[in-house]
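Along the sequence shown, the residues carry numbers beginning at 1. We use all heavy atoms of the structure for the numbers below, so side chains are in, but hydrogens, waters and symmetry mates are not.
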Amino acid sequence: MDYPVFKPEMKDSYTILVPDMLPVHFKLIINILKKYGYHVELLQTATREVVDEGLKNVHNDTCYPALLVIGQFINALKSGKYDVNKTALMLTQTGGGCRASNYIHLLRKALKKEFPQVPVISLNLSGLEKGNGLDLTIPMLIKAVYAVFYGDLLMSLYNQCKPYEINRGDTDKVRDLWQEKLIPVFDKREFLKLKKYCRLILDDFAAIKRTKEKKIRVGIVGEIYVKYSPLANNHLEEFLLSEGCEPIVPALMEFVMYCLAGSVADGKLYQFKSQKTMISKIGYDFIHKIQKTVIKTINEHGVFEAPHDFDYIRKLADKYISQGVNMGEGWLIPAEMAALAATGTENIICAQPFGCLPNHIVAKGMSRVIKKAYPDANIVAIDYDPGATKVNQENRIKLMLANAKK
């Protein structure tokens, strides 16, 4: 190996930096890692310097998320805030054919010149980068699954309340309060009392004073990083709120379930069984059971809209595309577009990063089919890359909203 490796004994003395994507979810997961003795810090820099560092260190033909993530890491190491001899970087890898599996090699190449001593940790469940020093145990993974469900609930309720709040800032206060309240819940087995905490969270959000006016609902689908990351999508959710819209963002857990379902689907399509397909099936069934509990609790509460059952999303996908199309976000994008259109969210933004070929095929390529099935669907693809201006992107969205108002 011609690169440094993060070893278990480094755990106590090293700071691990994580790139930002979903602040609410990632803060919960980071606090779980901290309880296991890892010193983890979430990077939230969102300046132009991040893009410039990415352009300097990554070929500009590389997909935009890779450029931003690597730019954010290099920017942090150059900031002087961290001891580069005691800092490690952590990246998630999906393990698919997408370039997300190859970011880690691009990052190591970028580090070689100025920071050859900095190890890179791969967070993946695909058997990539074995022996990277991060000890992922079953209890840790179960806690991470519940953290994602709690994060998804906070994100969904925030977006359902924020556009309608009467007292400005009330929704932010409730979300921030629950972010803090949930941290100690993971200390013991308290986090497993999902129904109890879901009801408490639902009650607090329901207590926010809201107007009864109808606002334009806008769904956001697309490549996972650009869909969620404010850095990548130029604060898309904030912009939609400023335009008087209600943003609808699909749950992160849908992507996790899509990855697991993809592994099982591959086994059926290519007629093979492996340890990976068996673990994926067990994981999918376990997560789906929790998802059904969350949906039932939200529906019983009766104030807010629950997410779609993932089996329903899979059935929708089957109408338009094979579940064997699982490169990048694959069949999930057309399925999410169809699910949004079917439940009254006809205005849909598809966030597309430059260089993401699968995304262009399954998003732009499938939007006509979705429009045919749902004639009132108003779908616009927005490209995100280092050269695309925020003004241009926002003008295209304003044009879409003008059509929606008609």
Side-chain angles (χ1 to χ4, degrees), residues 21-24 46 151-176 205-206 208-252 254 298 303-308 333 336-353 363-364 367 370-371 374-384 388-406:
M21 185 174 82
L22 276 159
V24 175
D152 281 340
L153 181 65
L154 291 176
M155 179 176 75
S156 173
L157 299 182
Y158 178 87
N159 283 336
Q160 288 183 61
C161 291
K162 184 67 181 172
Y164 307 101
E165 64 181 11
I166 289 170
N167 301 316
R168 201 170 171 183
D170 277 2
T171 313
D172 294 78
K173 279 177 195 167
V174 174
R175 182 195 60 189
D176 296 346
F205 274 96
I208 296 167
K209 289 179 181 174
R210 305 186 300 283
T211 64
K212 294 275 192 289
E213 66 179 303
K214 289 270 182 195
K215 294 201 173 189
I216 295 169
R217 287 156 61 98
V218 181
I220 302 170
V221 300
E223 190 274 334
I224 183 168
Y225 184 78
V226 177
K227 175 167 71 175
Y228 294 125
S229 169
L231 167 64
N233 63 32
N234 284 327
H235 300 271
L236 178 57
E237 283 179 62
E238 283 177 34
F239 173 70
L240 289 171
L241 288 166
S242 73
E243 289 294 310
C245 302
E246 179 189 337
I248 314 283
V249 188
L252 174 62
E254 286 182 9
I298 296 169
V303 177
F304 298 103
E305 199 175 296
H308 302 291
I333 293 177
E336 284 183 340
M337 288 197 283
L340 287 163
T343 49
T345 304
E346 289 161 345
N347 305 293
I348 301 163
I349 292 169
C350 189
Q352 300 194 151
K364 233 177 211 172
S367 59
I370 305 298
K371 281 179 183 175
Y374 302 95
D376 292 330
N378 183 14
I379 303 168
V380 62
I382 305 292
D383 290 320
Y384 292 90
T389 64
K390 189 179 178 183
V391 172
N392 194 14
Q393 290 157 350
E394 290 179 353
N395 282 342
R396 292 202 63 212
I397 296 165
K398 282 179 181 178
L399 190 63
M400 182 198 86
L401 295 176
N403 289 334
K405 283 166 186 167
K406 284 178 190 173

Q: Charged N to carboxylate O below 4.0 Å: is that the case for Glu165 and Lys173?
A: no
Q: Mind checking the SG-CD spacing from Cys350 to Glu223? Nearest 0.5 Å is all I need.
A: 10.0 Å
Q: With rounding to the nearest 0.5 Å, note down the distance linking CD1 in Ile333 to CD1 in Ile224.
A: 10.5 Å
Q: Carefully, step by step, assess Tyr158 and Asp176 under the rule side-chain contact (heavy atoms from CB on, under 4.5 Å).
A: CA-CA 10 Å; Tyr158 178 87; Asp176 296 346; over 6 Å; no
Q: Please check this pair: side chain of Ser156 against backbone of Leu153, looking for a donor-acceptor N/O pair closer than 3.5 Å.
A: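 It does not hold such a pair.
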Q: Do Tyr384 and Gln393 have side chains that get closer than 4.5 Å, going by heavy atoms?
A: yes
Q: Do Arg175 and Leu157 touch side chain to side chain, with heavy atoms closer than 4.5 Å?
A: no
Q: Contact between Cys245 and Lys215 at the side-chain level, heavy atoms closer than 4.5 Å - yes or no?
A: no
Q: Please round to the nearest 0.5 Å and tell me the distance separating atom OG1 of Thr345 and atom CD1 of Ile216.
A: 12.0 Å
Q: In Å, rounded to the nearest 0.5 Å, how long is the span from NZ of Lys227 to CE of Met21?
A: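 So the NZ of Lys227 and the CE of Met21 are separated by 9.0 Å.
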Q: Rounded to the nearest 0.5 Å, what separates atom SG in Cys161 from atom CD1 in Ile208?
A: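 If we round to the nearest 0.5 Å, Cys161:SG and Ile208:CD1 are 4.5 Å apart.
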Q: Is Arg396 salt-bridged to Asp383, going by a charged N under 4.0 Å from an acidic O?
A: no
Q: Is the side chain of Gln160 donor-acceptor paired with the backbone N or O of Glu305 at a distance under 3.5 Å, no angle test?
A: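 Checking the backbone N and O of Glu305 against the side chain of Gln160, a donor-acceptor pair under 3.5 Å is found.
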Q: So Lys212 and Tyr164, do their side chains get closer than 4.5 Å, heavy atoms only?
A: no
Q: Any side-chain heavy atom of Arg210 within less than 4.5 Å of one from Thr171?
A: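 No. Closest side-chain heavy atoms not under 4.5 Å.
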Q: Verify, without hydrogens or angle tests, whether Thr343 (side chain) and Leu340 (backbone) share a donor-acceptor contact under 3.5 angstrom.
A: yes
Q: Tell me if a side-chain donor or acceptor on Lys364 pairs with a main-chain N or O of Ala381 at a distance below 3.5 Å.
A: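 Checked: no pair found.
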Q: Do Met400 and Val218 pass the side-chain contact (heavy atoms from CB on, under 4.5 Å) test, and can you show the C-alpha distance, the side-chain angles, and the key distance before you say yes or no?
A: CA-CA 10 Å; Met400 182 198 86; Val218 181; 3.8 Å; yes
Q: About how many Å separate CD of Glu237 and CD1 of Ile220, when rounded to the nearest 0.5 Å?
A: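 So the CD1 of Ile220 and the CD of Glu237 are separated by 5.0 Å.
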Q: Given side-chain contact (heavy atoms from CB on, under 4.5 Å), test Ile397 with Leu240 step by step and report yes or no.
A: CA-CA 9 Å; Ile397 296 165; Leu240 289 171; 4.0 Å; yes
Q: Given the rule in the side-chain contact (heavy atoms from CB on, under 4.5 Å) test, do Gln352 and Val226 qualify, once you have shown the distances and angles that lead to the verdict?
A: CA-CA 7 Å; Gln352 300 194 151; Val226 177; over 6 Å; no
Q: Within the side chain of Asn234, is there an N or O that forms a donor-acceptor pair under 3.5 Å with the backbone of Leu236?
A: no
Q: If you look at every heavy atom in Ala342 and Tyr374, which pair is closest and at what distance?
A: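 Smallest interatomic distance, heavy atoms only, reads CB-OH, 3.6 Å.
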Q: If you measure only the distance, is there a donor-acceptor pair under 3.5 Å linking the side chains of Asn233 and Tyr228?
A: no
Q: For Leu401, is there any backbone N or O sitting under 3.5 Å from a side-chain donor or acceptor partner on Asn347?
A: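 Between the backbone of Leu401 and the side chain of Asn347 there is no qualifying donor-acceptor contact (under 3.5 Å).
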